[in-house]
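Report on one structure; see the data block that follows.
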2 protein chains.
Amino acid sequence: MQAGDVTKYEYFVTKGCLKVYTIDEDGVPHISMFAVEDYWTGDIASFMTKESTPYFIKATEDSELLGISWTNYELLFQEIPKFERFYRILYQRSLISYIRRSNQGISLTAEERYIEFKKKYPNIVNRVTQKDLAGYIGITPEFMSKIISKVNRM
Amino acid sequence: MQAGDVTKYEYFVTKGCLKVYTIDEDGVPHISMFAVEDYWTGDIASFMTKESTPYFIKATEDSELLGISWTNYELLFQEIPKFERFYRILYQRSLISYIRRSNQGISLTAEERYIEFKKKYPNIVNRVTQKDLAGYIGITPEFMSKIISKVNRM
DNA sequence: TAAAAATCTTAAACTAGTTCATTTTTTTTC
DNA sequence: GAAAAAAAATGAACTAGTTTAAGATTTTTA
């Protein structure tokens with residue numbers, strides 16, 4: 001996926017690891033999410049509104065995804081209304097985790113955010129580069145390096 | 001609503017303004033959201049899981065709310081399955097705005113976050129104290145004061 | 001497997017944001 | 001409408017996180 005495109009699919013990851021990110025005016029990447037096995041990914045805003053996405057998606061490992069198009073997504077609800085419930089609960093859970101993340105972004109220090117990330121995603125922390133982790137935590141790779149060596153020393 | 005309670009209701013605001021916030025170990029308040037007319041509020045995580053909430057909710061103006069209990073919420077879906085769709089779309093929209101907020105929290109400076117807030121919520125910015133706004137933006141009231149006078153000077 | 005490219009580390013100088021203390025302004029209460 | 005309480009402003013000293021630059025380590029590619 002490339003910034004500027006209109007998102008045609010939502011993806012479910014069956015294998016691998018991907019990063020979803022924006023690039024700001026200064027060329028600095030900011031990582032919105034990492035998607036590993038059993039995660040949904042894409043840009044739900046662009047998928048819904050058909051406006052262009054600000055995100056790039058790149059696989060960081062060989063990956064396998066399933067995609068659902070807007071047409072099939074709508075059709076799914078029409079033909080099998082029980083899927084409304086499925087997605088209602090899926091979005092509700094997603095919402096809970098994004099509410100938590102947005103609160104942590106404004107109330108925790110970078111070091112605390114790193115410790116939380118490690119605790120919450122022990123399966124991701126060793127699969128991504130420190131540089132990408134820095135982009136997710138919201139700090140520079142240099143400061144990420146300092147934090148990691150400090151936390152490991154503790 | 002008080003931290004420690006299990007959330008029994010989700011609320012829809014028909015009049016007024018409320019703040020939803022946590023208080024950290026140092027006694028510093030962090031504001032998760034302001035809820036004005038036509039907003040839903042509460043703690044959806046505690047409402048769903050029946051675990052205790054970390055949030056306080058306080059009205060900052062005289063307010064009127066409608067509340068729905070968990071029992072009635074479940075009953076609603078049972079009796080009128082079309083409401084699954086209604087909530088599916090409601091959560092989908094909410095999700096979009098929290099994804100945006102969590103990205104801004106890690107990629108923008110405090111000044112940029114303030115400017116975005118003013119642009120996105122012109123109807124809220126003048127209804128809340130600077131201190132509460134600081135708690136939402138994620139900075140101290142002192143720094144909020146500096147930013148506001150700087151931005152007004154521009 | 002050597003060379004090139006990317007990532008990670010370290011350190012010094014800098015800036016965004018905090019802390020603490022004091023004064024001024026606004027709001028609330030009796 | 002005076003007194004008290006809360007919010008806002010200001011400034012000086014501080015800390016968390018950035019920037020720039022250079023060297024060390026790991027990964028990728030030919």
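Hydrogens, waters and symmetry mates play no part in the numbers below; they use all other heavy atoms, side chains included. A note on names: the letters A, B, ... follow the listed sequences, proteins ahead of strands, and every chain is numbered from 1. Predicted, not measured: the structure shown is a model, and the values here were computed from it.
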Report task. Classify the angle between the aromatic ring planes of B/Tyr73 and B/Trp70 as parallel (below 30°), tilted (30 to 60°) or perpendicular (above 60°). Result -> tilted
Query raised in the report: What pairs with B/Asn126 under side-chain contact (heavy atoms from CB on, under 4.5 Å), at least two apart in sequence or on another chain?
Result: none
**Report entry** Sugar-phosphate or base contact per nucleotide [nucleotides 11-30 of chain D; S, B, -; heavy atom under 4.0 Å]
**Finding:** -B----BBBB----------
**Report entry** Bend angle of the helix from C/dT1-D/dA30 to C/dC30-D/dG1, end axes from five pairs each (to 10°)
**Finding:** 60°
Query raised in the report: Should the pair A/Lys146 and A/Phe143 be classed as cation-pi, given the thresholds of under 6.0 Å to the six-membered ring centre and 45° from the axis?
Result: no
Query raised in the report: A/Ile106 has an atom CD1; how far is it from atom C1' of C/dG17, in whole Å?
Result: 15 Å
Query raised in the report: A/Leu133 has an atom CG; how far is it from atom C1' of C/dT7, in whole Å?
Result: 14 Å
Requested in this report: Quick one: list whatever passes side chain to side chain donor-acceptor pair (under 3.5 Å) with A/Glu61, sequence neighbours left out.
Outcome: A/Arg127
Query raised in the report: Are B/Glu111 and B/Lys150 within salt-bridge range, i.e. N to O under 4.0 Å?
Result: yes
Query raised in the report: Atom CG of B/Asp26 and atom C1' of C/dT18: how far apart are they, to the nearest Å?
Result: 12 Å
Query raised in the report: Over how many whole Å does the gap from B/Lys58 atom NZ to D/dA6 atom P extend?
Result: 11 Å
Query raised in the report: Quick one: ring-ring contact (aromatic ring centres under 6.0 Å, His included) pairs with a partner in residues 89-109 of chain B, sequence neighbours left out?
Result: B/Tyr87-B/Tyr91
Query - Residues that A/Tyr136 engages under ring-ring contact (aromatic ring centres under 6.0 Å, His included), provided they are two or more places apart - result: A/Phe34, A/Phe117
Report summary line: Testing D/dA8, D/dA9, C/dT10 for proximity to the side chain of B/Thr129, the answer is D/dA8
Query - Salt-bridge contact B/Glu116-B/Arg113 (side-chain N to carboxylate O under 4.0 Å) - result: no
Query raised in the report: Should B/Gln130 be listed as having a side-chain N or O under 4.0 Å from OP1 or OP2 of C/dT26?
Result: no
